[in-house]
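Read through the structure below, which is laid out as structure tokens, and then see the notes.
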Amino acid sequence: MNTPIVPTQKYTTKDFQTDQDVRWCPGCGDYSILAQTQRVFPELGIPKEKIVFVSGIGCSSRFPYYMNTYGFHGIHGRAAAIATGLKLSRPDLSVWVTTGDGDGMSIGGNHFIHACRRNIGIKILLFNNQIYGLTKGQFSPTSVEGQITKSTPYGNIDHPFNPLLLALGTEATFVARTLDRDPKNMQYVIKRAAEHNGTAFVEIYQNCNVFNDGAFELWTEKGTKDDNVVVLENGLPMIFGKNKDKGVRLNGFSPDVVSLTDGKYSVNDLIIHNEKDPMLAFIIAGMSNNPALPRPIGIVHAIEKPTYESLIQKQIDTLTAKQGEGNLEKLFNHGQTWEIK
Amino acid sequence: MNTPIVPTQKYTTKDFQTDQDVRWCPGCGDYSILAQTQRVFPELGIPKEKIVFVSGIGCSSRFPYYMNTYGFHGIHGRAAAIATGLKLSRPDLSVWVTTGDGDGMSIGGNHFIHACRRNIGIKILLFNNQIYGLTKGQFSPTSVEGQITKSTPYGNIDHPFNPLLLALGTEATFVARTLDRDPKNMQYVIKRAAEHNGTAFVEIYQNCNVFNDGAFELWTEKGTKDDNVVVLENGLPMIFGKNKDKGVRLNGFSPDVVSLTDGKYSVNDLIIHNEKDPMLAFIIAGMSNNPALPRPIGIVHAIEKPTYESLIQKQIDTLTAKQGEGNLEKLFNHGQTWEIK
Amino acid sequence: MKRGTQRLDELTILFAGDSGDGMQLTGGQFTITSAFVGNDLATFPDYPAEIRAPAGTLFGVSGFQIHFGATEIRTPGDQCDCMVVMNPAALKVNLKCLKEGGSIIANTDSFNEKFLKLAGFTSNPLEDESLGRYQVYSVPITKLTQNALNDLNLSQKHIDRTKNFFALGLTYWMYNRPMEPTLNWIKEKFAKTPEFVEANTRVLKAGHAYGETTELFTVRYEIKPAQLPKGKYRSITGNEATAWGLIAASVKSKLELFLGSYPITPASEILHELAKYKNFKIRTFQAEDEIAGISSAIGASFGGALGATTTSGPGMALKTEAMGLAVMLELPLIIVDVQRGGPSTGLPTKTEQADLLQSVYGRNSEAPIPVLAASSPTDCFDTTYEAARIALKYMTPVIVLTDGYIANGAEPWHIPSIDDLLDLTPKFETNPENFQPYRRDPVTLTRPWAIPGTRGLEHRIGGLEKDNLSGNISYDPDNHDYMVKIRTKKVENIANDIPLAQTDGDGSGELLVVSWGGTYGSVNSAVHNKRSEGLSVSHMHLRYLNPLPNNLGQILNNFKQILVPEINLGQLVKILRDKYLVSAIGFNVVRGLPLRALEIEETIDELIKRG
Amino acid sequence: MKRGTQRLDELTILFAGDSGDGMQLTGGQFTITSAFVGNDLATFPDYPAEIRAPAGTLFGVSGFQIHFGATEIRTPGDQCDCMVVMNPAALKVNLKCLKEGGSIIANTDSFNEKFLKLAGFTSNPLEDESLGRYQVYSVPITKLTQNALNDLNLSQKHIDRTKNFFALGLTYWMYNRPMEPTLNWIKEKFAKTPEFVEANTRVLKAGHAYGETTELFTVRYEIKPAQLPKGKYRSITGNEATAWGLIAASVKSKLELFLGSYPITPASEILHELAKYKNFKIRTFQAEDEIAGISSAIGASFGGALGATTTSGPGMALKTEAMGLAVMLELPLIIVDVQRGGPSTGLPTKTEQADLLQSVYGRNSEAPIPVLAASSPTDCFDTTYEAARIALKYMTPVIVLTDGYIANGAEPWHIPSIDDLLDLTPKFETNPENFQPYRRDPVTLTRPWAIPGTRGLEHRIGGLEKDNLSGNISYDPDNHDYMVKIRTKKVENIANDIPLAQTDGDGSGELLVVSWGGTYGSVNSAVHNKRSEGLSVSHMHLRYLNPLPNNLGQILNNFKQILVPEINLGQLVKILRDKYLVSAIGFNVVRGLPLRALEIEETIDELIKRG
Ligand SMILES: Cc1ncc(C[n+]2csc(CCOP(=O)(O)OP(=O)(O)O)c2C)c(N)n1
Ligand SMILES: Cc1ncc(C[n+]2csc(CCOP(=O)(O)OP(=O)(O)O)c2C)c(N)n1
Ligand code: SF4
Ligand code: SF4
Ligand SMILES: [Mg+2]
Ligand SMILES: [Mg+2]
């Protein structure tokens, strides 16, 4: 089960692979996420033994078994809470959460929003397949309205969460989206998440080819992808289209699509992406609710705020500076005591 | 325990009072919320027996005992879930949730965000005192950074939720804020919440004079209130100040305060409040994070979306139209059966 | 060609293959058809936790076992007479369950190098000597299926998905079953895609014809109908039966059914099933988690609905706190726990019966809840219905325990007449005169159910201790003592309103075997076998686990020894020992599988020998 | 004036008033002072669920009872000798606890019409005949306080908040206690506001002087020091002791303490206390709920911290599922449940001991967890420390049960020497050679603890059933059976590593009274009283509830009768009956209050009479 010890700088993809049978369905989007992660991790410069993957329950939550790092397959919905405890007590570790749209947004919704608001230095990869995979096909909080699933034979009536908006509503400091079928973008986003100081939230559109096949087709397939996805690049205008001939402009607070070839609008009219602008983040995240707009992928929002673990450490340091290191003898004997002779 | 039957149209405040001892601390902001509710309910035109107050646990959650309607004092954090079941099975009822910042945003955070996204026709009044009252003074998810409480002797290090932003992140259809010390505004907001079709979320700044006295002073006290609160009025510019001499203007996506008397800006430069604009809602909600800005109160956002209970009813009606009312005999005998003779 | 037909009393067959091979469907069809011809039967579907594990892997093997016969059938069979294996992994995993001399029908097309290796075979068992003790039929099922469909324009994927029908057709021939039920099913199922109807029909028939025409098979078997009560039957799984029990209770109580639930294996099918019947005014609410599931159901119950929640072990654990609230509020509520392997996530798709103590004792403070357990797929209907009766009559949450084995297993269900089902209509309180929310009925100790919308009965209830009449908050010490005790007494009193326990066998003797839940079949079968050998052993099966039947202590005292087989480390046995101070002992095997009758028989032998 | 001094062996005094009257503080000072003079003592603080209920109401009464003496003191006293009542409601609520002939010191200033009415008095009991059986001292405490502070510039609110010191000063005079400890405390406490130091000091002294100078009091009492072990003492509450037990375990194991907790009465003080000691590298994480509380603690434990979580009944219920995970992962974890009145929200500020069965049995499937219970405030320290020892040595979650009564109560604590505390340093696995995460130590059956950061030991664990060596997911039926049984065996084996049970009294006889948890004092006191009357009765108190001590069955069999008093409907008694088939019977009063020794004595009498 254990691979030989390899100095950090020499890691290859292989070093992050385990001897475990990968138990996802053939064709599942999870395979690509695993592959990209294993590909990008050697570049992070983090010793393998300092990395922990924590998950809940779901197909997506099997992920830790396949990464040759420390791993913790928790219980349904609690990965963020488990990871929080781990990261707080071991700030030296690189702690990753892999979760699903059910695990992370349904039963685990509360831990998710609280982790985000606290800005704990954990990285949350949410494999969003808009379905409960492991339990064989019930709708999830991200399933679309009208979706026919095992538990909604007449169509889903829940208004789905927009995970980006939800995360932004908690004032998360890093919010991004990527696609199982876009290895390059995924690797970039994962790397940026790794580097972020604080909670990093990454929504990954992931195809469940058994229970919700093709949910993201429009944004992942060759023929349609270019005209329907806008890749966010910080400081650059929001251009997209097969021929880079379209852009996203702001009309009041509403983004709309303009052509760059009909002479009416130019690149100068487009939104310049700014990862640090919280209001722009809401606008970009909100684009997903409008089918007329291209789907944004990449880093939606990334700002710096003190992390929870650094603030706790500061209190420890301050008190230790003031009172000295904790001393049991002193503790027991401080304040009012008396002697029986 | 039961008052005589009074026709709806003749209700007075008294009809909504119970014979129970009110067990809040003298001076608690909860008294005012109770008073305003009892004052405004006669105007709603809803028969008392059709009203249910559901709560969790906390000082705020004692509320149902004091309203002479049906009442359900649940368990900590679960009021929204209980109310959801009640409202779905009894859409004819007017279902109200009273909760606290701990009950509703900490342990009950998940039910809160899911109720909001589903747009279930329940009204959620969140008594935000930025503290755990009933358990004697620990910080809550809305406590401010640095706040000294029983569980944070060296100051709170949690970044607090902005409840309005959180609700908007779930795409809630009705989001409002009011103050325990502003009876008029509170009555207006509660009435609007009652009339709203779908989940109505109302944050109420509530003073806990025992464990967090004065948390909202700036916005509630005579001397400072006018210069620090902007009352939202749909379709009107955001003017405030003792002499109505200041306004809120948009600078990019950032609101700032301008004077209406120095000649530089006029009413025409100000934000015109629009309850229906989702992006403006985020901007207004975000104002609370900036101490330089006045605190907005009133209706931040109010739009119409189909309610969960109406969508479920539609599925019931459609299927019933197609297959007739459910018939047990038919159910048992449909599909493959055989006879043993 | 002339071949003999051998008559058998009973037979056990297993279909096994990849998760993607459609073995569950195949087993289901074989079951229906066997039921159709009047056999008694029991089934055991067994599938992996993975959705569609990579083809050919050991952990991806899915199986469906059917025990059917002309005699009374109580278990899905300890061992198989015949085994259809679609690939080497299926053979590897299941071979140990095949009887000495049993038959193997193997799809030779998948016994290729890759799959043999994946299954851990170093040589092909169909070709080496290793299966010498069995009757091996090597059939190129994939190829034959392909041949049958050659002229149809189907993708390879679709052709592959049809091959299970070949195996089914072949076994229909072998065991003399009619093809009509399956042919009809195919027609209905694929009504919208006629090419699938054609393909599946052809392949089923091809399988049948293969048996008829090739010389591989020298004998066919015949299993005559069993002596079953007359009437109309259908096949039903335990989860369907639970769902239908709830629907029936809703109809017969004139209450709208509200299900607050969160998906979890192996309970999800109850939610799926109920979601279909919106025209019964059933509202299924897939909640954000189990806590919201039960909380919403309690809310609905407060509003006058028939509130229910369904789950399995880990979800049950999460509902613990809210169950305590339901106890305090004294509102009707049905809580179904389809037990699975644990602890924690454990073995989600495997069976177990280790949630009994959690159900009886697992709440903070004294929070008594009646607990019932179903003994078989069809008994899920009756038990759930009975739970609803108790919940409504006694204003109490009631726990129904089923398990993965009976929840997924199917058996013929003698369809009840609607009129024979007890009327469950509750009496809502409507009279404001002297209304007290916690005034109890002197006999049932039940408080009134006054629902919102009733004018003049506005009142408030909650989870704090309450005055024994008004329901107002009360911190009075003596009132608390009284309330804690009266809540318990109410539940204990239900013992007067349930059937007495009965023994199958004699009312006294050397050994009594006591069981509950899904082990009914194995235990009953074991006891019958031993009785037929003349041993002084009887069986008592309990549906009511809290409270226990009034005469239970008496019966236990009539036997010298008491054995309690359970798929746990001894839970009912603890309750019996505590309550009746009898030195009952347990038989405990926790393998995620139904108990084997044989193991129980051996234990019976041993105990009786020891004396 | 000359007055007599009467010497007493022991005495019980109660301070009662509004929630805002500072009775808890007053009681606390009286306690410290009494401990200081060397009395043995026991206390019982009792306060309402409301924070600061409106003045004068019955439900707003807060009380603090102290039993102190020159002899061994085991309980806070069934009844009071003296009662200080700050208003009519306090009198009304507590009068039934006053001994025939006992003293009442009443603040006459609050016996006004409004407060009398609120308390439900139709006439003033201080003036009518109704208190004839008692010695009533009517003292205008409010007015006298005011007089003492006349010349200070204090608000009425602040003056009002001082009057409890008048009462305290008066009782110090009556019972011959020194004022110094309290005077010192005042100086320290109000160091930042000298006017409060002045005010409180003056009022305390005024109360004392009032006793000295008025002729109201004809007698003073003297209570000599008790015979206590020599050494340094301090006063400590149960919750403080629990917190300090965790701190000590952290220091002596060299592990950083991580507390994941969610506030809940009556457990919150443990969180508050631990939050203070950041310089011990203690991390307290106030989680969003109880589930996150325990989950974060498990995460921390995986990382090599000493993980702990603290809660009360409803929170315990919520942690159920995650406890199962901890069992499966076999990680050390300390779970403290400060029991309170239930079920559901129940009586949050009252005591109970009804979470035992939940602790032992309340999880899905077979999820064995060691359970220990503390018997007194100071025993919370030892029990928590011992729980940490077991958790670390056996890689297991351990449940510590305390209760509202001992958690809030204070008693003198003989400060242990740090060196006498067992070393708890665990051995982390560091050797990659042949590392198997679930290879067990052959004696303790414990798996290795390999924490992230250790190179070469990267491994993965989780809640699914796992292979008995590698820890990889395993669905193998026999492996599951093995793992279910070995997990249980590991916990059962701990019985070999704990002290044998001991009887207080004789090792055999007519009646054994068995107790656990916070009822220790009442039961021990009752048994001692009866033994001193010559009855054949002994006491056995259990700290270890799962597993039970090895010699327990043997001891039980040495007695003809067994009585188990519990503040529940019989929980330990169920376990004993099941395990040892002894016909133990329960004594069960569930009033949210400590058991009264007298009631137990009566039951002992009865049982021994019956024979
Ligand atoms: C407490 C609990 N409730 C329910 C389940 C059943 N369950 C397992 S995974 C899952 C949802 C899986 O959906 P998602 O998180 O989207 O993951 P996916 O399988 O789609 O990757 C559910 C409901 C469980 N294991 N535990
Ligand atoms: C399951 C559970 N956990 C914890 C508690 C303890 N508890 C009761 S109320 C409360 C928080 C109260 O704070 P908030 O909701 O803000 O209400 P407030 O009292 O401030 O109005 C807590 C932690 C409980 N009753 N139940
Ligand atoms: S069920 Fe869906 S998500 Fe799960 S492994 Fe299969 S394809 Fe992937
Ligand atoms: S503790 Fe605070 S919130 Fe609670 S009743 Fe008192 S003042 Fe109000
Ligand atoms: Mg999913
Ligand atoms: Mg609060």
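FYI, side chains are in, hydrogens and waters are out, and symmetry mates aren't considered; it's all heavy atoms of this structure. In the text below, chain A, chain B and the rest are named by the order of the sequence lines, each starting its count at 1.
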* **A/Pro278 portion near chain B, given a 4.5 angstrom heavy-atom threshold** => neither

* Would you say B/Glu171's side chain and A/Phe161's backbone share a donor-acceptor pair under 3.5 angstrom? -> no

* To do: Tell me, for A/Lys314 versus chain B, whether the close heavy atoms (under 4.5 Å) come from the side chain, the backbone, both or neither.
  => neither

* Structure fact -> If one checks every heavy atom of B/Asn289 against chain A at 4.5 Å, the contacting part turns out to be side chain

* **Spatial distance of atom OH (B/Tyr154) from atom OG1 (A/Thr318) [nearest 0.5 Å]** => 10.0 Å

* Structure fact -> If one checks every heavy atom of A/Ile312 against chain B at 4.5 Å, the contacting part turns out to be both

* Go through the atoms of B/Leu250 and report whether side chain, backbone, both or neither lie under 4.5 Å from a heavy atom of chain A. => side chain

* Is there a donor-acceptor pair closer than 3.5 Å between any side-chain N or O of B/Asn110 and the backbone N or O of A/Gly108? -> no

* Structure fact -> Of B/Pro141, B/Gly286, B/Ser254, the largest count of non-hydrogen pairs under 4.5 angstrom with chain A goes to B/Pro141

* **Candidate pair B/Leu165 and A/Phe282, rule side-chain contact (heavy atoms from CB on, under 4.5 Å), full reasoning** => CA-CA 10 Å; B/Leu165 270 188; A/Phe282 281 114; 3.9 Å; yes

* Okay, side chain of A/Arg117, backbone of B/His159: is any donor-acceptor separation there less than 3.5 Å? -> yes

* Of the listed residues (B/Leu166, B/Asn119, B/Asp158), which shares the most heavy-atom pairs with chain A below a 4.5 Å separation? -> B/Asp158

* Starting at CG of A/Leu168, measure out to CG of B/Leu168 and round the result to the nearest 0.5 Å. => 12.0 Å

* To do: Under 4.5 Å heavy-atom distance to chain B, tell me which part of A/Leu280 shows up: side chain, backbone, both or neither.
  => both

* Structure fact -> Greatest number of non-hydrogen atom pairs under 4.5 angstrom with chain A, of B/His111, B/Lys305, B/Met279, falls to B/Met279

* Asked: Ignoring hydrogens and geometry, is there a side-chain-to-backbone donor-acceptor pair from A/His114 to B/Met105 under 3.5 Å?
  -> yes

* Distance (rounded to the nearest 0.5 Å) between A/Ser310 OG and B/Ile157 CD1 -> 8.0 Å

